[in-house]
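Note sheet for the following structure.
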2 protein chains.
Amino acid sequence: MKNEFLENWHSQLRKGLLPLYVLHILDQKQCYGYELIQDIKAVFSVDVAEGTLYPLLIRLMKEELLTHQWVEQPSGIPRKYYAISAVGKSNLAEMKAYTNLIITKING
Amino acid sequence: MKNEFLENWHSQLRKGLLPLYVLHILDQKQCYGYELIQDIKAVFSVDVAEGTLYPLLIRLMKEELLTHQWVEQPSGIPRKYYAISAVGKSNLAEMKAYTNLIITKING
DNA sequence: AAAAATACATTGTTATACTATGTATTGTGT
DNA sequence: ACACAATACATAGTATAACAATGTATTTTT
């Protein structure tokens with residue numbers, strides 16, 4: 001670890017940004033958990049542990065920001081596909097507006 | 001509380017953004033703790049509890065991102081003035097670059 | 001046949017915001 | 001004069017969520 005402070009900071013920042021990443025991606029297409037981990041890495045260059053993402057998805061379900069359905073596969077383990085709900089969409093909009101506002105203030 | 005999820009999200013996001021706020025403000029002028037609370041509210045419209053800020057300042061001191069000096073006042077309690085260090089400045093630059101990168105990806 | 005990748009999930013640890021509380025001084029309203 | 005708010009520091013306990021470690025099971029690659 002080169003810079004302990006920065007690494008810790010990234011981890012703390014993730015606590016706020018991860019729900020935003022998940023909602024952002026699910027706003028564009030339905031995904032299953034394992035797929036989300038790869039998409040988040042591809043889009044945001046962020047490595048998310050499974051032990052982080054799965055509890056987060058469960059949490060977002062409880063808050064009713066997401067819905068899900070099991071989809072059987074021709075072969076292999078069934079996939080749990082998640083979709084963003086209407087509540088999720090409105091929250092996502094507020095979250096994006098807020099983060100943009102903050103960043104404007106930091107740059108301005 | 002209207003939207004419990006959003007309130008919690010703001011709180012989590014703060015964990016990542018608060019060090020950025022503090023370094024950003026101290027990059028422009030030296031401040032004492034109580035003053036920082038007011039400045040953060042004024043600039044970022046964020047209410048920071050004293051029980052949040054003081055431990056954070058102590059942490060940033062330990063990480064050597066800040067320096068401080070006590071300044072006696074003509075009247076009243078002495079103030080502990082904080083200033084950003086060279087390490088603090090370089091970390092701040094990285095933090096700003098990173099947050100901007102993320103926002104670009106969310107908006108793009 | 002072994003290892004890696006896919007796909008789900010839980011448990012324990014750690015970091016940090018937040019509430020509550022504490023100390024002490026100064027200013028304001030009545 | 002006296003209560004209350006504001007100023008200015010600080011710590012203790014609680015709640016939240018990332019992360020590492022671990023577990024189960026199937027499929028693909030070497």
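Being a predicted model, the structure only gives us computed values, none of them experimental. Naming convention: chains lettered A, B, ... in sequence-line order (proteins, then strands); numbering from 1 in each chain.
- Atom CD1 of Ile58(B) and atom C1' of dA8(D) are 14 Å apart (whole Å).
- Considering only heavy atoms from C-beta on, Leu65(A) stays 4.5 Å or farther from Ile84(A) through its side chain.
- At least one side-chain heavy atom of Ile106(A) sits less than 4.5 Å from a side-chain heavy atom of Tyr21(B).
- Here Lys15(A) does not reach the OP1 or OP2 of dA17(C): none of its side-chain N or O atoms lies under 4.0 Å away.
- Side-chain nitrogen and oxygen atoms of Asn8(A) include at least one within less than 4.0 Å of the OP1 or OP2 phosphate oxygen of dT16(C).
- Residue-environment remark: CD (Glu64(B)) stays at or below the threshold of 12 foreign heavy atoms within 6.0 Å.
- Among the heavy atoms of the strands lying under 4.0 Å from Gly51(A) is at least one base atom, whether or not backbone atoms are also near.
- Sequence order on DNA chain D of the closest nucleotides to Tyr34(B) and Thr52(A) puts Tyr34(B) first from the 5' end.
- Between the CG atom of Leu56(B) and the P atom of dT11(D) there is a distance of 14 Å, rounded to whole Å.
- At most 12 heavy atoms of other shown residues, nucleotides or ligands fall within 6.0 angstrom of atom CD in Glu72(A).
- Between Tyr21(B) atom OH and dA17(C) atom C1' there is a gap of 13 Å when expressed in whole angstrom units.
- In this structure, Leu60(B) and Phe5(A) have side chains that are in contact, with non-hydrogen atoms separated by less than 4.5 Å.
- Counting only heavy atoms from C-beta outward, the side chains of Asp39(B) and Lys29(B) approach each other to under 4.5 Å.
- We find that CG of Leu36(A) is positioned 14 Å from P of dA18(D), with the value rounded to whole Å.
- Using a 3.5 Å distance cut-off with no hydrogens or angles, the side chains of His24(B) and Lys96(B) do pair a donor with an acceptor.
- For the pair Gln38(B) and dT7(D), the criterion of a side-chain N or O lying under 4.0 Å from OP1 or OP2 is met.
- Checking the phosphate oxygens (OP1, OP2) of dA7(C), a side-chain nitrogen or oxygen of Tyr32(A) falls inside 4.0 Å.
- One finds no side-chain N or O of Ser11(A) lying less than 4.0 angstrom from the OP1 or OP2 phosphate oxygen of dA18(D).
- Between Pro19(A) and Gln12(B) the shortest side-chain heavy-atom distance does not fall below 4.5 Å.
- Between the P atom of dT16(D) and the NZ atom of Lys62(A) lies a distance of 11 Å, rounded to the nearest Å.
- Taking only side-chain nitrogens and oxygens, Tyr54(A) never comes nearer than 4.0 Å to OP1 or OP2 of dA9(C).
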Can you give one letter per nucleotide of nucleotides 21-28 of chain C, going 5' to 3': B for a protein heavy atom under 4.0 Å from the base, S for sugar-phosphate only, - for none?
---BSS--
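- Look at CD on Gln12(B): it is 5 Å from C1' on dT16(D), rounded to the nearest Å.
- The CZ atom of Phe5(B) sits 12 Å away from the C1' atom of dA17(D) (whole-angstrom rounding).
- One finds no side-chain N or O of Arg79(A) lying less than 4.0 angstrom from the OP1 or OP2 phosphate oxygen of dT27(D).
- As judged by a 4.0 angstrom heavy-atom cut-off over every strand, Trp70(B) is placed among residues touching the sugar-phosphate backbone only.
- One finds a side-chain N or O of Arg14(A) lying less than 4.0 angstrom from the OP1 or OP2 phosphate oxygen of dC19(D).
- Put simply, CG on Leu17(A) is 14 Å from P on dA17(D), counting in whole angstrom units.
- Here the nucleotide nearest the side chain of Pro19(B), chosen from dA8(D), dA17(C), dT10(C), is dA17(C).
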